[in-house]
There are 2 protein chains.
Amino acid sequence: MTAPLHEARPAGPGRALPDTQQGMRRRNLARVLHAVRAEGPLSRAAVASRIGLTRAAVSTLVDELIRSGLLEELGPERPGRVGRPGFALALSGRGPAGIGAEVGVDHLAVCAVDLRGTTRSRAIRQGANRGRSPGPVLAELTELIRRVVAEAEGEGLWPAGLAVAVPGLVARDARTVVRAPNLDWHDTDLSDFLPADLPLTVDNEANFGALAELWLGEGTPRDFLHVSAEIGIGAAVVVDGGLLRGTRGFAGELGHVPVQPDGPECACGGRGCLEQYAGEEAVLRAAGLEPDEDRVGLLAGRAAEGDEDVRRALREAGTALGVALTGAVNLLDPESVVLGGELSGLAPWLLPSLREELARRTAGPACPVSVSRLGPQGPLLGAAHSVVRAVLDDPATVAERA
Amino acid sequence: MTAPLHEARPAGPGRALPDTQQGMRRRNLARVLHAVRAEGPLSRAAVASRIGLTRAAVSTLVDELIRSGLLEELGPERPGRVGRPGFALALSGRGPAGIGAEVGVDHLAVCAVDLRGTTRSRAIRQGANRGRSPGPVLAELTELIRRVVAEAEGEGLWPAGLAVAVPGLVARDARTVVRAPNLDWHDTDLSDFLPADLPLTVDNEANFGALAELWLGEGTPRDFLHVSAEIGIGAAVVVDGGLLRGTRGFAGELGHVPVQPDGPECACGGRGCLEQYAGEEAVLRAAGLEPDEDRVGLLAGRAAEGDEDVRRALREAGTALGVALTGAVNLLDPESVVLGGELSGLAPWLLPSLREELARRTAGPACPVSVSRLGPQGPLLGAAHSVVRAVLDDPATVAERA
DNA sequence: CTATTTCGTCATGCCGATTTACAAATTAGT
DNA sequence: ACTAATTTGTAAATCGGCATGACGAAATAG
């Protein structure tokens, strides 16, 4: 009763499932896996002390996980310590694999990640998808998926699920793309176009990018704001190690936060939205450039060359981002803000003015802003890893198939 | 694997506690209590079917809860249905009580709420606290608390905890008031001044107001934004039925969201913060009024009389609120926005322009904005109920004392 | 007045973790 | 080299908690 009484999730009516022994078993299986994942190869005894169960209990859990093909016994440890050495346990490199896919504006990408987090297979196809209808694009994607799955199966893995990152808003059913302006897709149920034999999850590219940052980034906190951008500006809000999705799944629409209430009109009906100042099109226009295919690359190249118009445009975009982020930071009190996705390539020219604006508007120490180490790979990795995490979070569901 | 893979809280490394049978028992005790709370008097069989356990299991759980004084058997049901009638179970009216307290700018209030949610005792003391140091103010509050506790004990209740609502920022330790501008308190650990025999929780008045709305409001969703205001403008973000607190506990600082990036300077260092347009002082100034004690009452009175200056000032404040809320709604995608606390008294004059601004800036249907039925009582009720909820969420912790 | 239905409880069994005990494998000390 | 100490993994017995199935009790339906 000393801790705050109410955290983000009450124990009460939220969890409607009955609490039975099977549930306990399932949760403990997950805890064993997470302990092994988080702290490298571990003996049964080490796992037991980590998660607070007895060695005997862990033994039976480990047996089950080994039978399911989720854990592997590496061999005897060679310790400097006294006592009988244990057998090192590690996540299996031949068990289930997470298949991640990305529909970008000018590329398609697929990869397979094993339980250990290692990328075991990948495929990329360049080519503009802007304005193409979902059918052909997803047929190509399916082709890539089949290739990656086949390669993964060749290495002894089996696909546990497919997660697809798209540059647009996705409904909470995790299937339907409600609006993807860059692709010109609307209300499209992707499950109609993708392999039906794999459990499917579709999500926003920014959300997957944030998850990648959370899971793969070094020292990433459990509460942060992940800002990403293609044409629009997407953000993902991570609260206590999980995504905040919003009622309709549209949370994180940073692009339409008002930055200048009397500014230019926006397609959303508002005025002076962030997108009008820091969106890709706006920045290109402000820099006096024509949109071409690789917009971000173009901007980064010119900025690196010292093009003052481009640099000024990016500075101003950074300032606008700073204003919008001030609002977001005030509202959410995150531990940090991370710039990810395509945006990370422009960070050197955006960051100074962004940080300055944020600091100016903050009493006390400003919220730290950093750049994702993952860069444009974040969404794809996040997608693949989300499948892997789902397995780790509830091994019982996949154990049956193995 | 059909549902979205990752919700706000992963099952994985988040919960560090071992999952043992005792934990299962505790959670099931809570589920019984919540079922009875949510659906009125219920027989053991009805509870069993609600929560998915067997009648036998529920029987033993109920026995334990009755022995602990948390549940009561009301007597035999008189049903129209065939079959032996059950014994109606209800939350005890003579068990633990939640003590809620509120430190307002010009009043102190305390109340006791039983498990059923009924307020069983209350005490209020009017008097300006602005600028008074914490010692004397909290001594007075302690006096009120003692009185309320004594009265509750006279009715067979015993205090399970104390929750105090303050108009300011509270650290995540739920004890320390970091900054309360209206009181001029800074970095004050309230546990130094309050009865040590009661488990203490301190939180922002807006947060408790939001919880009251969540628990006591009719049809309140599990995801909403609760806007409250005294001098500053506080908001509380409710996500999936729980508060979003932020890393430092400062989430919801709507007052310093930039509304006009080039607007007047603010004490926070920024420019054009919402507080400059919709804060109490700003509105009074815009209306051409002098600050006096009952500021909100003054504004409401003048507006009701038809004072055009006041009405205009409130309209403009509503517009500014609309701009700030557009940002918040874009970021969080809540199901609704609720105006609560002192702000609810001014709602008739704020709402039209607020709604208009929000709708103008939103593509598609705008986020609905409503006014809290609880009004200024929200924070106090929320505080008291938070203690009650803590008991309902984990009856095992208090059962020992009973 | 009997058949039927539902409630609450008891005896029994199952499942899962704990406890206790023990053999195996290592290091430390003589 | 040999023993003592320590640690690991597993097996057997125990315990806690829920499920199952059966039963008496108390109501309604006919």
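Labels below follow one simple rule: chain letters A, B, ... track the order of the sequence lines, proteins then strands, and each chain is numbered from 1. Note that the structure is a prediction, hence the values are computed from the model and not measured.
- Looking at heavy-atom distances under 4.0 Å, A:Ala56 makes contact with a base.
- When the side-chain nitrogen and oxygen atoms of A:Asn28 are compared with OP1 and OP2 of C:dA17, one or more of them lie within a distance under 4.0 Å.
- Here B:Ser59 pairs with nothing under the side chain to side chain donor-acceptor pair (under 3.5 Å) rule; sequence neighbours left out.
- Atom CG in A:Leu71 sits about 13 Å away from atom P in D:dG9, given to the nearest Å.
- Taking the side chain to side chain donor-acceptor pair (under 3.5 Å) definition, one finds that A:Glu73 meets it with A:Arg44, sequence neighbours left out.
- A:Gln21 contributes no side-chain N or O that forms a donor-acceptor pair with the base of C:dG16 under 3.5 Å.
- We find that CZ of A:Arg25 is positioned 17 Å from P of C:dC14, with the value rounded to whole Å.
- Taking atom CD of A:Gln22 as the reference point, atom C1' of D:dT20 lies 13 Å away to the nearest angstrom.
- Partners of B:Glu335 under the side chain to side chain contact (heavy atoms under 4.5 Å, CB included) rule, at least two apart in sequence or in another chain, are A:Thr247, B:Pro221.
- Formation of a donor-acceptor pair under 3.5 Å by the A:Asp223 side chain with backbone atoms of A:Asp240 is found in this model.
- Rounding to whole angstrom units, CG of residue B:Leu61 and C1' of D:dG17 are separated by 9 Å.
- With rounding to whole Å, B:Asp63 atom CG is found 11 Å from C:dG8 atom P.
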Filtered N/O pairs between nucleotides 22-26 of chain C and protein, under 3.5 Å:
residue: C:dA25; atom: N3; partner: A:Arg84; partner atom: N; Å: 3.2
residue: C:dT26; atom: O2; partner: A:Gly83; partner atom: N; Å: 3.3

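- The side chain to side chain contact (heavy atoms under 4.5 Å, CB included) test applied to A:Thr60 returns A:Arg25, not counting sequence neighbours.
- The shortest distance between the side-chain N/O atoms of B:Ser59 and the OP1/OP2 oxygens of C:dT9 is below 4.0 Å.
- Atom pair A:Met24:CE and C:dT18:C1' shows a separation of 11 Å (rounding to whole Å applied).
- Screening A:Thr118, A:Leu115, A:Leu70 against A:Leu91 for a side-chain contact (heavy atoms from CB on, under 4.5 Å) leaves a single residue, A:Leu115.
- Within residues 87-94 of chain B, no residue approaches DNA chain D, by heavy-atom distance under 4.0 Å.
- Every side chain to side chain contact (heavy atoms under 4.5 Å, CB included) that B:Ala171 has, sequence neighbours left out, goes to B:Asp173, B:Thr176, B:Val178.
- B:Leu74 has its CG atom 17 Å from the C1' atom of C:dG8, to the nearest Å.
- Applying the salt bridge (charged side-chain N to carboxylate O under 4.0 Å, His left out) test to pairs two or more places apart or on separate chains, none has a residue in residues 77-88 of chain B.
- Evaluation of the side chain to side chain contact (heavy atoms under 4.5 Å, CB included) rule for A:Gln21 yields B:Met24 as partners, not counting sequence neighbours.
- A:Thr54 comes within contact range of at least one nucleobase, with a heavy-atom separation under 4.0 Å.
- The interatomic distance linking B:Glu64 (CD) with D:dG16 (C1') rounds to 12 Å, in whole Å.
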